[in-house]
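Below you'll find the structure, written out as structure tokens, and then a few comments.
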Number of protein chains: 2
Amino acid sequence: MNSDASRRRDVTVADVARAAQVSKAQAARALGNYGAVSDDVRERVLAAAEELEYRPNELARSMNTGKSHTIGVVVGDIENPHFGLATRGITDTAKRSGFNVILINTDEDTEAEIDAVRVLLDKRVDGLIVAPASSVETQHLRRVHESGRPLVLLDRKASGLDVDTVAVDMEGISHDSTSYLIGAGHRRIAFVSTLKTDEPYRDGMVLDSSQISDRRDGMKRAFDEAGLNLPDDLIRLNAGDNESIKKITRELLQRPDPATAIIASDGLIGLSVVEAIQELGLRIPDDVSFLMYDDFAWTRLTTPPLTVIAQPVYDMGVAAAAALIRQIEGRKVPAAVPEFTAELIRRGSVAAPRVTGVGN
Amino acid sequence: MNSDASRRRDVTVADVARAAQVSKAQAARALGNYGAVSDDVRERVLAAAEELEYRPNELARSMNTGKSHTIGVVVGDIENPHFGLATRGITDTAKRSGFNVILINTDEDTEAEIDAVRVLLDKRVDGLIVAPASSVETQHLRRVHESGRPLVLLDRKASGLDVDTVAVDMEGISHDSTSYLIGAGHRRIAFVSTLKTDEPYRDGMVLDSSQISDRRDGMKRAFDEAGLNLPDDLIRLNAGDNESIKKITRELLQRPDPATAIIASDGLIGLSVVEAIQELGLRIPDDVSFLMYDDFAWTRLTTPPLTVIAQPVYDMGVAAAAALIRQIEGRKVPAAVPEFTAELIRRGSVAAPRVTGVGN
DNA sequence: TTGAAAGCGCTAACAA
DNA sequence: TTGTTAGCGCTTTCAA
């Protein structure tokens with residue numbers, strides 16, 4: 001019939017109106033189902049639309065209504081299952097409420113994030129969910145907020161920004177898991193993170209990421225409570241790719257006063273740390289104990305299975321989307337975002353430290 | 001200054017034009033940098049824009065130009081690192097060419113896929129990349145193609161659809177890896193896939209997915225060449241969640257004439273299969289050999305590390321995006337999409353089958 | 001319930 | 001190089 005070569009121009013309301021012999025306005029009302037339309041007209045219009053294979057132009061629609069029914073999501077690394085799951089929670093929830101999701105990846109780069117936010121805003125998304133790369137460089141987020149566009153932060157807090165934030169109580173879980181290690185007899189506990197800083201870690205250093213900062217605080221508190229000092233020399237930031245993480249791990253384990261336990265800041269880091277440990281021919285937990293953030297499925301498969309800190313990532317995605325949509329739809333009572341807590345799942349990668357010549 | 005309460009209406013070209021004392025057209029030209037504009041005017045306009053914090057409305061822009069500079073991506077499961085990586089390849093490439101990406105998840109459900117495609121089309125994306133849930137139900141994709149919108153298929157072919165398709169030669173790698181297992185002495189080789197079918201597998205069955213179909217063909221050819229028969233009773237489709245896969249694995253290994261090797265159709269399935277094997281107290285590769293599609297990083301960490309079929313997923317994402325953008329920009333010579341080949345990475349999960357009472 | 005007409009914010013002819 | 005004037009496809013007054 002019409003599978004001709006060109007098929008260039010899209011079918012518009014005007015075409016449908018003409019075919020249905022009604023005014024453009026009536027056709028539009030019937031198609032967008034708003035306003036008052038008689039059954040007769042509606043029927044004819046819908047029939048004509050079907051016949052012509054009419055499809056509304058959502059851009060035009062959005063331009064008029066000011067609503068795009070789309071939310072923008074900015075994450076650091078979709079490839080990371082952590083964000084994958086969170087994104088899933090977001091899209092599932094958005095879909096259920098009739099919203100679409102535009103995803104942009106930033107590679108944990110603040111410049112890219114600023115860009116992403118701008119693009120999304122220019123596309124007139126109805127709201128934004130951002131997992132900020134930095135908790136400090138947040139002017140761009142502040143601008144979003146000030147411009148009145150709904151914004152929800154995921155995973156990381158942003159200092160001095162009064163925005164709904166869906167995150168886990170990191171200080172608490174960090175404290176608990178560190179206490180657990182200390183209780184097992186560990187004193188030389190290392191922490192490996194990819195957080196980029198200008199200089200190596202030192203005590204009291206201000207950390208760009210609320211997540212990491214909170215974890216440091218939690219560790220410190222645990223050590224304090226035990227009447228011990230957090231071993232600053234074992235806090236390793238600026239871990240990068242697989243190779244760099246393995247190098248750091250080797251350093252941690254081959255130094256004179258080596259770490260007896262390592263905490264990996266996320267599942268991707270954990271992977272490389274474990275690989276390095278295996279390559280060194282060391283055994284977990286006999287030679288070194290291991291703990292990581294993110295309960296990835298594969299942690300059940302290693303020998304021994306790994307002790308991890310599970311975060312309710314999917315649910316957090318759901319909560320973030322729900323909070324955002326609530327704001328977009330302008331509900332009153334902003335129904336406080338629920339608190340999320342992580343959980344230490346003890347599997348087999350933590351044991352008492354090997355007794356060596358080095359005193360405790 | 002202007003961080004007032006409302007800040008409702010967005011700043012438009014008209015506002016900028018007024019402030020810069022030029023016509024709307026000139027302001028628009030300067031802001032969109034097209035057409036001819038004198039330096040003087042450009043400067044004033046840009047200054048005014050800056051001052052007013054003008055941001056273009058991309059929707060309006062797209063409406064006129066017919067281009068949204070956005071490509072739609074439809075995948076089955078972002079949470080799966082396989083798609084995560086592919087998506088990454090797509091977004092990286094798109095970004096480099098100035099395109100944004102809208103991602104929609106379908107849960108491998110054809111209905112959801114039809115919906116997703118419709119939504120994306122309605123939003124007037126410039127082109128689509130789809131990893132089709134089914135290689136058979138493809139009318140919706142055919143419609144896209146017929147309507148003249150650029151479309152590229154990822155991972156799976158669609159029967160009778162003449163569209164650029166970025167996929168791996170599955171028949172070949174399936175043949176090679178099956179031969180490898182046969183060469184190691186295996187005859188009872190099982191294959192586990194999540195592909196949904198109405199009935200259990202039987203010889204010659206038409207399979208909805210080109211991927212699975214091709215793999216079956218490759219296995220069959222390998223068996224044929226060895227003068228053996230593909231054991232149909234060990235081809236298990238309809239694997240679902242973790243529990244269901246573990247159940248299937250147990251059946252495969254606890255039957256009278258058990259499988260001596262298992263091929264998992266993807267990394268998610270593989271995870272559950274390995275878990276089930278471990279729970280049964282069996283050892284890889286002594287008690288059962290194992291092979292899976294997808295070279296996930298964690299496969300290096302298990303004991304033993306797993307033999308896998310690596311697919312150049314990231315590069316395929318890149319190629320898909322490149323092909324699509326090429327079409328969108330209407331280049332001539334469609335520069336054939338490169339062929340991708342998977343690679344068998346032999347690590348430690350395949351060995352000769354345990355010699356049992358059962359003859360070969 | 002209907003239709004004419006204005007307008008969303010921008011680009012694109014066309015003259016000047 | 002400029003400005004005027006139409007649109008893009010839709011929603012939304014405002015009268016009828």
Side-chain angles (χ1 to χ4, degrees), chain A residues 8-46 48-49 52-70 118-119 121-126 147 149, chain B residues 7-46 48-49 52-70 119 121-126 147 149:
Chain A
R8 270 283 81 78
R9 227 177 54 64
D10 288 331
V11 178
T12 73
V13 242
D15 299 321
V16 176
R18 201 172 311 116
Q21 318 233 51
V22 296
S23 73
K24 221 176 63 179
Q26 279 310 84
R29 287 195 256 252
L31 293 168
N33 53 174
Y34 57 89
V37 187
S38 67
D39 291 349
D40 174 48
V41 169
R42 187 188 336 279
E43 258 172 50
R44 269 154 54 208
V45 170
L46 263 29
L52 298 176
E53 294 188 13
Y54 166 81
R55 292 268 73 221
N57 183 326
E58 291 296 342
L59 294 183
R61 215 166 238 186
S62 297
M63 263 202 33
N64 289 283
T65 59
K67 321 252 80 214
S68 63
H69 267 254
T70 300
R118 198 199 318 278
V119 166
L121 252 24
D122 290 354
K123 278 200 183 295
R124 298 303 192 261
V125 294
D126 292 342
S147 80
R149 298 285 181 81
Chain B
R7 216 162 174 0
R8 267 286 78 81
R9 225 176 55 65
D10 287 331
V11 178
T12 74
V13 240
D15 299 321
V16 176
R18 203 172 310 119
Q21 317 233 54
V22 297
S23 73
K24 224 176 62 179
Q26 278 310 84
R29 287 193 258 254
L31 293 169
N33 54 174
Y34 57 89
V37 187
S38 67
D39 290 349
D40 173 48
V41 169
R42 190 191 330 282
E43 257 172 47
R44 271 155 51 210
V45 170
L46 262 30
L52 298 176
E53 295 188 11
Y54 166 82
R55 294 269 72 221
N57 183 326
E58 291 296 341
L59 294 183
R61 215 166 239 187
S62 298
M63 264 204 33
N64 291 280
T65 59
K67 322 251 81 216
S68 63
H69 266 257
T70 299
V119 166
L121 252 25
D122 290 353
K123 280 201 183 294
R124 298 303 191 263
V125 294
D126 291 343
S147 81
R149 299 284 181 78

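All of these numbers come straight from a predicted model, not from anything done at the bench.
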To the nearest Å, how far apart are [X] [atom1] and [N] [atom2]?
{"X": "B:Asp10", "N": "C:dC10", "atom1": "CG", "atom2": "C1'", "result": "13 Å"}
{"X": "A:Leu59", "N": "C:dC8", "atom1": "CG", "atom2": "C1'", "result": "13 Å"}
{"X": "B:Tyr34", "N": "C:dA12", "atom1": "OH", "atom2": "P", "result": "6 Å"}
{"X": "B:Glu58", "N": "C:dG9", "atom1": "CD", "atom2": "C1'", "result": "11 Å"}
{"X": "A:Met63", "N": "C:dC10", "atom1": "CE", "atom2": "P", "result": "9 Å"}
{"X": "B:Lys67", "N": "C:dA12", "atom1": "NZ", "atom2": "C1'", "result": "16 Å"}

Smallest separation among heavy atoms of [X] and [Y], with atom names:
{"X": "B:Thr70", "Y": "A:Lys123", "answer": "OG1-NZ, 2.7 Å"}
{"X": "A:Ala30", "Y": "A:Val37", "answer": "N-CG2, 3.8 Å"}
{"X": "B:Asp126", "Y": "B:Gly66", "answer": "OD1-O, 4.1 Å"}
{"X": "A:Arg124", "Y": "B:Pro56", "answer": "NH1-O, 3.4 Å"}

Distance under 4.0 Å to a non-hydrogen atom of chain A counts as contact; along DNA chain D, which nucleotides mark the start and end?
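Result: D:dG9 to D:dT13.
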Can you tell me how far apart [atom1] ([X]) and [atom2] ([Y]) are? Round to the nearest 0.5 Å.
{"X": "A:Thr12", "Y": "A:Tyr54", "atom1": "OG1", "atom2": "OH", "result": "7.5 Å"}
{"X": "B:Gln26", "Y": "B:Ser38", "atom1": "CD", "atom2": "OG", "result": "7.0 Å"}
{"X": "B:Leu46", "Y": "B:Asn33", "atom1": "CG", "atom2": "CG", "result": "8.5 Å"}
{"X": "A:Asn57", "Y": "A:Met63", "atom1": "CG", "atom2": "CE", "result": "10.0 Å"}

Scan for salt bridge (Lys or Arg N to Asp or Glu O under 4.0 Å) pairs involving residues 18-36 of chain B, sequence neighbours excluded, and state none if there are none.
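Residue pairs passing salt bridge (Lys or Arg N to Asp or Glu O under 4.0 Å), neighbours aside: B:Asp15-B:Arg18.
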Pairs touching residues 35-44 of chain A that satisfy salt bridge (Lys or Arg N to Asp or Glu O under 4.0 Å), sequence neighbours left out:
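Those involving residues 35-44 of chain A are A:Asp39-A:Arg42, A:Asp40-A:Arg44.
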OP1 or OP2 of C:dC10 versus the side-chain N and O atoms of B:Arg61: is any pair under 4.0 Å?
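B:Arg61 to C:dC10 OP1/OP2: no side-chain N or O under 4.0 Å.
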Should B:Tyr54 be listed as having a side-chain N or O under 4.0 Å from OP1 or OP2 of C:dC10?
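Yes, such a contact exists.
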Pick out the pairs of N or O atoms, protein on one side and nucleotides 2-6 of chain C on the other, that lie under 3.5 Å.
{"unit_1": "C:dT2", "atom_1": "OP1", "unit_2": "A:Ser38", "atom_2": "OG", "d": "2.7"}
{"unit_1": "C:dT2", "atom_1": "OP2", "unit_2": "A:Gln26", "atom_2": "NE2", "d": "2.7"}
{"unit_1": "C:dT2", "atom_1": "OP2", "unit_2": "A:Ser38", "atom_2": "N", "d": "2.9"}
{"unit_1": "C:dT2", "atom_1": "OP2", "unit_2": "A:Ser38", "atom_2": "OG", "d": "3.3"}
{"unit_1": "C:dG3", "atom_1": "OP2", "unit_2": "A:Ser23", "atom_2": "N", "d": "3.1"}
{"unit_1": "C:dG3", "atom_1": "OP2", "unit_2": "A:Ser23", "atom_2": "OG", "d": "3.1"}
{"unit_1": "C:dG3", "atom_1": "N7", "unit_2": "A:Arg29", "atom_2": "NH2", "d": "2.6"}
{"unit_1": "C:dG3", "atom_1": "O6", "unit_2": "A:Arg29", "atom_2": "NH1", "d": "3.4"}
{"unit_1": "C:dG3", "atom_1": "O6", "unit_2": "A:Arg29", "atom_2": "NH2", "d": "2.9"}

Can you give the dot-bracket line for DNA chain D, where a pair is Watson-Crick or G-U wobble with both atom distances under 3.5 Å, crossing pairs use [ ], and | marks a partner on another strand?
||||||||||||||||
Could you pull out all residues at least two apart from A:Arg55 that satisfy side-chain hydrogen bond (donor to acceptor under 3.5 Å, both in side chains)?
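B:Asp122.
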